[in-house]
Amino acid sequence: MLFIFSIDERKRLNRVDNLSSNFIKDVMIKDLESGKHDKIITRFPPEPNGYLHIGHAKSIIINFGLADEFNGKTNLRFDDTNPLKEDVEYVNSIKEDVKWLGFEWDNLFFASDYFEEMYNRAVLLIKKGLAYVDDLSADEIREYRGTLTSPGKESPYRDRSVEENLDLFERMKNGEFENGQKVLRAKIDMKSPNINLRDPVIYRIAHASHHNTGDKWCIYPMYAFAHPLEDAIEDVTHSICTVEFEDQRPLYNWVVEQCEMDSKPQQIEFGRLNVTNTVMSKRKLKQLVDEGFVDGWDDPRMPTISGMRRKGFTPESIRNFVRETGVSKGSGAVDSQMLEHFVREDLKLKAPRTMGIINPLKVVITNYPEGQIELLDAEINPEVPEMGIRKIPFSREIYIEKDDFMENPPAKYFRLFPGNEVRLKHAYFIKCEEVIKDANGEVIELRCTYDPLTKSGTGFTGRKVKGTIHWVEATNSVPAEFRLYEPLILDKAEEETDENEGKTFLDNVNPESLVVLQGFVEPNMRESRPHDKFQFFRHGYFNVDPKHTTVDKLVFNRIVSLKSSFKI
């Protein structure tokens, strides 16, 4: 079937919520128009050896997004060829992340589903004289491989007969040899300028139970051999991966061709996503978890999708961020503030406004009637009037932020200080009359008076004040914990200085990446549930933490502050 795209169809392919025009999309359009393919089939192929991070989100969005634009299909496939590092926990987390980002896979596959087929294809290579069992150790294989400037040396076992190789490979499968005692290597070219073609290992021995196949196998295919076979078996048309696999493309094509696969997928590489102040290595992320720098893969300081979800990022904000970064061959670092920009843009029309005090200072309004509780009106979101109003209590005792009071303020300080008057958001003007201190001289309470004529919404114009501060009524307020986050990694060059002068990326971990404060929120927040999101006046956007919030304790993670200097 030949596809010829009309002007309207091309407009559909480039609508706002799609990925912008890019070289991969152009290849797909050309392949459909030429008749090379009648349907686009992509795949997202994570290895289940850790949690997905923001870089994987880009791959998910590209693979699923492009297939959706062409009414094609995307498979979720787990490249589970290494039982030593893989776990069902990672499988389940990956499924959850893909769904949370807003995508549904057409088929769910595992590389381990094809182990029998892969074994048979390896036997085919042996029969063709294109694979051999090698007894060299891993270190010897590395030494024999050569360097970028010098050719490799052939293994002394390279010329074993087909019959001997078939026998040894079967005995490897049957468990007769120890880990590392033998491997199966492709026989290609030890003098190739591309090191990936210098007789790469395609099978190794691993006596380990597999999460999917149990103890059926003790030999497992290497990724570079398994991946092209998986793509071909699934009839994938475009195998989209990051640029570090570009040098492996000749091996990818060699495996598909020499294993005589009916389908011939095309590997296309794009630039990986790097973000400043962010570790993008699963190995390093696992190290942060294992060594207790964070409280798990879903720690809000982690760039994992689960961590970002727990912190409060929305799937829409991540999708919009990835679309804005575009698809190209380049892999430059994107400013982390750009990601924060998109979550602000998404939440400003969704998140209810409220008031929370994260560093409380008690205020007693001495001329307000004792025992009286007054309900005041406040907008839920002034940018979305249809969200309505909320009722907030006001009484003689309130909490304000310690930062909103100074006993000896500098010039042009417009918040509360002795003798000064400010507006309480949604309430009245108050004036500081007296400062109460403890034995150490620390301010512990303010005594103020209010002017009942200055109530918000009454149209009072008798005088103006320059400062407005937020507050929470004290007797009905709800205790809450606020978790404020800064970048986990201090070095803005992400992790490139990893081994600089004997240091590792752990030397750049920010010791002040998390600050925990105890405060109070409005009483209507009592019914908040995990993942509810709010904008706290002046403090930023917050998410109810799903891990530490209980019936008796509200915990809020700050997603982002209210403002940033970043310009899109």
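- For His210 (side chain) and Asp80 (main-chain N/O), a donor-acceptor pair under 3.5 Å exists by modelled atom type.
- Residues Asp97 and His56 bring no donor and acceptor atom of their side chains to less than 3.5 Å of each other.
- With hydrogens and angles ignored, the 3.5 Å screen pairs no side-chain donor or acceptor of Gln248 with any backbone N or O of Asn196.
- Within a 6.0 Å sphere centred on CG of Asn174, heavy atoms belonging to other residues, nucleotides or ligands number more than 12.
- Residue Lys264 qualifies as enclosed at atom NZ: its count of foreign heavy atoms under 6.0 Å is above 12.
- Summarising the geometry, atom OG belonging to Ser336 is positioned 12.0 Å from atom CG belonging to Leu488; distances are rounded to the nearest 0.5 Å.
- For the pair Met308 and Val343, the minimum side-chain heavy-atom distance is 4.5 Å or more.
- Of all the heavy atoms in Val509 and Leu490, the pair that sits closest is O-CD1, 4.3 Å.
- Between Leu136 and Arg185 the shortest side-chain heavy-atom distance falls below 4.5 Å.
- The two residues Cys259 and Phe225 make their nearest non-hydrogen contact at SG-CE1, 3.8 Å.
- Here the closest heavy-atom approach between residue Tyr485 and residue Arg301 is recorded as CD2-CG, 3.4 Å.
- Note: Ile94 CD1 to Leu52 CG = 4.5 Å, rounded to the nearest 0.5 Å.
- Taking the side chain as every heavy atom from C-beta outward, Ser59 and Asn63 approach each other to under 4.5 Å.
- Summarising the geometry of Ile318 relative to Ile61, their closest heavy-atom pair is O-CD1, 4.1 Å, with the distance given to 0.1 Å.
- Residue Arg77 holds its CZ atom at 5.5 Å from CG of Asp79, rounded to the nearest 0.5 Å.
- Between the Arg145 side chain and the Gly152 main chain, no donor and acceptor come within less than 3.5 Å of each other.
- Within 6.0 Å of atom NZ in Lys547, more than 12 heavy atoms from other residues, nucleotides or ligands are found, so the atom counts as buried in its surroundings.
- For Asn75 and Asn107, the side-chain atoms include at least one donor-acceptor pair closer than 3.5 Å.
- Between Asp231 and Ser239, the side chains place a donor N or O and an acceptor N or O closer than 3.5 Å (distance only, hydrogens not considered).
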Arg483 and Asp545: salt bridge (charged side-chain N to carboxylate O under 4.0 Å, His left out), yes or no, with the steps? CA-CA 9 Å; Arg483 297 186 166 214; Asp545 186 274; 5.6 Å; no
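- A heavy-atom distance below 4.5 Å is not found between the side chains of Asn510 and Ile489.
- Counting only N and O atoms by type, the side chains of Glu269 and Gln267 include a donor and acceptor under 3.5 Å apart.
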Could you please spell out the steps behind the salt bridge (charged side-chain N to carboxylate O under 4.0 Å, His left out) verdict for Asp26 and Lys30? CA-CA 6 Å; Asp26 292 342; Lys30 181 179 178 181; over 6 Å; no
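- Proximity of a side-chain donor or acceptor of Arg309 to a complementary backbone N or O of Thr314 within less than 3.5 Å is not detected.
- With a 4.5 Å cut-off on side-chain heavy atoms, Met302 and Val289 count as touching.
- Ring geometry for His227 versus Tyr252: interplanar angle of 30 to 60°, hence tilted.
- Sequence neighbours left out, the pairs with a member in residues 194-212 that pass salt bridge (Lys or Arg N to Asp or Glu O under 4.0 Å) are Arg158-Asp199.
- Side-chain N or O atoms of Ser137 include one that pairs as donor or acceptor with a backbone N or O of Glu140 at under 3.5 Å.
- How far NZ of Lys73 is from OG1 of Thr237: 10.5 Å, rounded to the nearest 0.5 Å.
- Separating the NZ atom in Lys36 from the CG atom in Asp38 is a distance of 13.0 Å, to the nearest 0.5 Å.
- Here the CH2 atom belonging to Trp297 is positioned 8.5 Å from the OH atom belonging to Tyr51, to the nearest 0.5 angstrom.
- For the pair Lys173 and Tyr119, the distance from NZ or CZ to the six-membered ring centre is under 6.0 Å and the angle to the ring normal is within 45 degrees.
- For the pair Leu273 and Val275, the tightest heavy-atom approach, listed with the atom from each and the gap, is CG-CG2, 4.1 Å.
- Neither side chain, Asp106 nor Thr74, offers a donor N or O lying under 3.5 Å from an acceptor on the other.
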Given ring pair (Phe, Tyr, Trp, His ring centres under 6.0 Å), test Tyr203 with Phe169 step by step and report yes or no. CA-CA 9 Å; Tyr203 262 91; Phe169 190 47; 5.3 Å; yes
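- Ring geometry for Phe78 against Phe110 counts as parallel: the plane angle stays under 30°, on a 0 to 90° scale with 60° as the upper cut.
- Judged by distance alone, the side chains of Tyr220 and Asn82 never bring a donor and an acceptor atom under 3.5 Å apart.
- Between the side chain of Asp346 and the backbone N or O of Phe342 there is no donor-acceptor pair closer than 3.5 Å.
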Stepwise side chain to side chain contact (heavy atoms under 4.5 Å, CB included) check, Val327 with Ile62: CA-CA 8 Å; Val327 182; Ile62 290 174; 3.8 Å; yes
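- Side chain of Lys39 to main chain of Phe70: no donor-acceptor pair is present (N/O by atom type, distance under 3.5 Å, no hydrogens or angles).
- The two atoms that bring Gly312 and Ile559 nearest to each other are O-CD1, 3.5 Å, heavy atoms only.
- In this structure, Arg272 and Met280 have side chains that are in contact, with non-hydrogen atoms separated by less than 4.5 Å.
- At distances below 3.5 Å, at least one donor-acceptor pair connects side-chain atoms of His207 with backbone N or O atoms of Phe177.
- A donor and an acceptor atom, one from each side chain of Tyr90 and Glu47, are nowhere located under 3.5 Å apart.
- Salt-bridge formation is detected for the pair Arg249/Glu246: a Lys NZ or Arg NE/NH1/NH2 atom is positioned less than 4.0 Å from an Asp or Glu carboxylate oxygen.
- Annotation: side chain of Lys127 is not in contact with side chain of Asn165 (no heavy-atom distance under 4.5 Å).
- Inspection of the Asn212 and Ser112 side chains reveals an N or O donor paired with an N or O acceptor under 3.5 Å.
- The side chain to side chain contact (heavy atoms under 4.5 Å, CB included) test with Val294 is passed by exactly one of Thr304, Leu288, Leu285: Leu288.
- Residues Glu234 and Tyr114 have side chains that bring a donor and an acceptor to within less than 3.5 angstrom of each other.
- Defined by atom type and a distance below 3.5 Å, a donor-acceptor pair is present between the side-chain atoms of Asn49 and Lys282.
- Using a 3.5 Å distance cut-off with no hydrogens or angles, the side chains of Asn557 and Asn543 do not pair a donor with an acceptor.
- Within the 4.5 Å cutoff, no side-chain heavy atoms of Ser263 are placed close to those of Met261.
- Dense packing is recorded around CD of Glu291, with more than 12 heavy atoms of other residues, nucleotides or ligands lying under 6.0 Å away.
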Dump the intermediate steps for side chain to side chain contact (heavy atoms under 4.5 Å, CB included) on Ile24 and His238, then the final yes or no. CA-CA 9 Å; Ile24 300 177; His238 301 85; 5.7 Å; no
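- A donor-acceptor pair is defined here as one N or O able to donate and one able to accept, closer than 3.5 Å; such a pair exists between the side chain of Ser34 and the backbone of Asp31.
- In terms of modelled atom types and a separation under 3.5 Å, the side chain of Lys182 and the main chain of Ile205 share no donor-acceptor contact.
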